[in-house]
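Working notes for the structure below.
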Amino acid sequence: MNGRQDELPTIFERSAPGRRAARPPRVEGPAMADLLGAEVLRSAPPALPEVSELDLVRHYTNLAHRQTSIDGNVYPLGSCTMKYNPKVHEEVAAAFEDLHPEQDPSSVQGLLELLGTLQDWLGTITGMDDVTLQPAAGAHGELTGILMIRAFHEANGEGAQRRNVIVPDAAHGTNPATAGMVGYDVVEVPTAADGEVDLAAMKAALGPDTAAVMLTNPSTVGIFETRIQEIADAAHAVGAQLYYDGANLNAIVGKARPGDMGFDVVHMNLHKTLTTPHGGGGPGTGPVGVKAHLAPYLPLPRVRQEVDGTWGLEETRSTSIGRMRSYYGNVGNLVRAYAYIRSLGAEGLANVAEMAVLNANYLRVRMREAGFQPAFDRTCMHEFVARPPEGISTNDVAKALLDEGMHPMTVYFPMVVKEAMMVEPTETESLQTLDAYADALARILQRAARDPGALAEAPTTTPVRRLDEVAAARHPVLRWSPRDEDGEAAAAAD
Ligand SMILES: *Cc1c(COP(=O)(O)O)cnc(C)c1O
């Protein structure tokens, strides 16, 4: 923002020996060394900053004010569904935080019932027969799903024959990466002029060597695949499995179900569609739903209700792909999703999809009026892809948005559209906010029209200006080190 902001000290620089917050009275009890064994104790205390409570509050409050977040303003990051997540879900999740994953199931019946119920609901929402809550993110859900598909083909004696996974060229990078990790070759199919998958190319790619087709619907260009039934039939006709990347579930939740479209496996990004703040790399959650023929391969342990009505964990199943994550998954996020579904109900979830699609179409038309060009000029789902007028770069527009106090859209993705801007306003933004975003974008284009070099300077109001992006990627400095006498930060050690 200005020189003073830039010099915001780190928490280590605020440290002064002996300074501290309130200290509770010492409680008599067994010594730590007796409880844990002396060999696990530190010989010297860790080099933690010593600060007062006020120093601490100021440090984090000032840091929070330096970033652009959903709590501050609209955050229409396409493909990420940066919706507002009601704070009450944090309270609900906190109610479970004292449980320990090693507790005996008999002492966590309430939690297991919650997880079992959530499994059922997620199956109902996606039209799937069974669900695992284990995977820790969407990409992890993809890995789980493709491993199950591989196990299915192997059980049918077709493991060696089915070598390929078909992925559209507009897909998220995690799709081909997942297929590659599981050992498959990736076959890419192009996007047709209308924004949908090229059906003829898809049919030509399908064959007895196809293990799976991975699709996102609506796709990453925000368009619903209207020929999905035909794609599903063609895939199943050659014995391939159809995988649904559920990152865009927000567009259809409560309205349509991947299971009814012919998908065999679905992952859901709970941190996108079903509440949980994300964006800082915090814990994600990617439950996976399957049709009955894939249920034998689900990871363990599985939450299940026993015949006597109590809740327990299924720990052994010979056909399972095994354990994908410790314990039951990211339980805090599962509790948030449960609370979100309960508070919205079936009608509220359908309303999410309706408003998300309406908001995206409103902003699409307003941006077109301002001079942006839609990549596919047709009704979109919950997001759309546009580009700036000739001669103006998407990067410059994104940087200029930061000076307006607004988070940019996703930029330069998907790669099938040059200068792509992928905009997803979500259902939680009001008409006034959408108008403010469109107005800001219109102002930016007008500035660029008056003075073609004007945007090159942006952002001018943020704590840091344009970064050397190549250096940030190639030589990232990830660790603080003490400054020397001249005030220069020492080079990072690793
Ligand atoms: C976000 C996203 C993923 C990956 O999900 P993570 O939870 O970030 O691992 C996969 N596909 C699409 C289309 C996405 O938008």
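As the structure lists them, so they are numbered: ligands from 1, and atoms in each ligand from 1.
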- Below 4.5 Å, heavy atoms only, C-beta onward: do I252 and P218 meet side chain to side chain?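 A side-chain contact under 4.5 Å exists here.
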- Task: Select one of side chain, backbone, both or neither to describe which atoms of A139 lie under 4.0 Å from any atom of ligand 1, heavy atoms only.
- Result: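 Under 4.0 Å from ligand 1, A139 contributes backbone and side-chain atoms.
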- ligand 1 versus H140: contacting region, heavy-atom distance under 4.0 Å: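 Near ligand 1, H140 shows nothing, with every heavy atom at 4.0 Å or more.
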Compute the shortest N/O to N/O distance between [X] and ligand 1 and return yes if it is under 3.5 Å, no if not.
| X | answer |
| --- | --- |
| D245 | yes |
| H271 | yes |
| N269 | yes |
| G138 | yes |
| S79 | yes |

- Query: Between H271 and H278, how do the two ring planes meet: parallel, tilted or perpendicular, split at 30° and 60°?
  - Reply: perpendicular
- Which word best sums up how the rings of Y243 and H267 line up, parallel for under 30°, tilted for 30 to 60°, or perpendicular for over 60°? tilted
- Item | Nearest non-hydrogen protein atom, atom 14 (C) of ligand 1 | K272 NZ, 3.0 Å
- Query: In the protein, what heavy atom is nearest to atom 12 (C) of ligand 1, and what distance, to one decimal place, separates them?
  - Reply: A247 CB, 3.2 Å
Any chance the side chains of [X] and [Y] put a donor and an acceptor closer than 3.5 Å?
| X | Y | answer |
| --- | --- | --- |
| K83 | N250 | yes |
| T191 | D169 | yes |
| N248 | N217 | no |

- How far does CZ of R162 sit from CZ of R150, to the nearest 0.5 angstrom?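 Atom-to-atom, R162:CZ and R150:CZ are 15.5 Å apart.
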- Query: Is H278 in contact with ligand 1, taking contact as a heavy-atom separation below 4.0 Å?
  - Reply: no
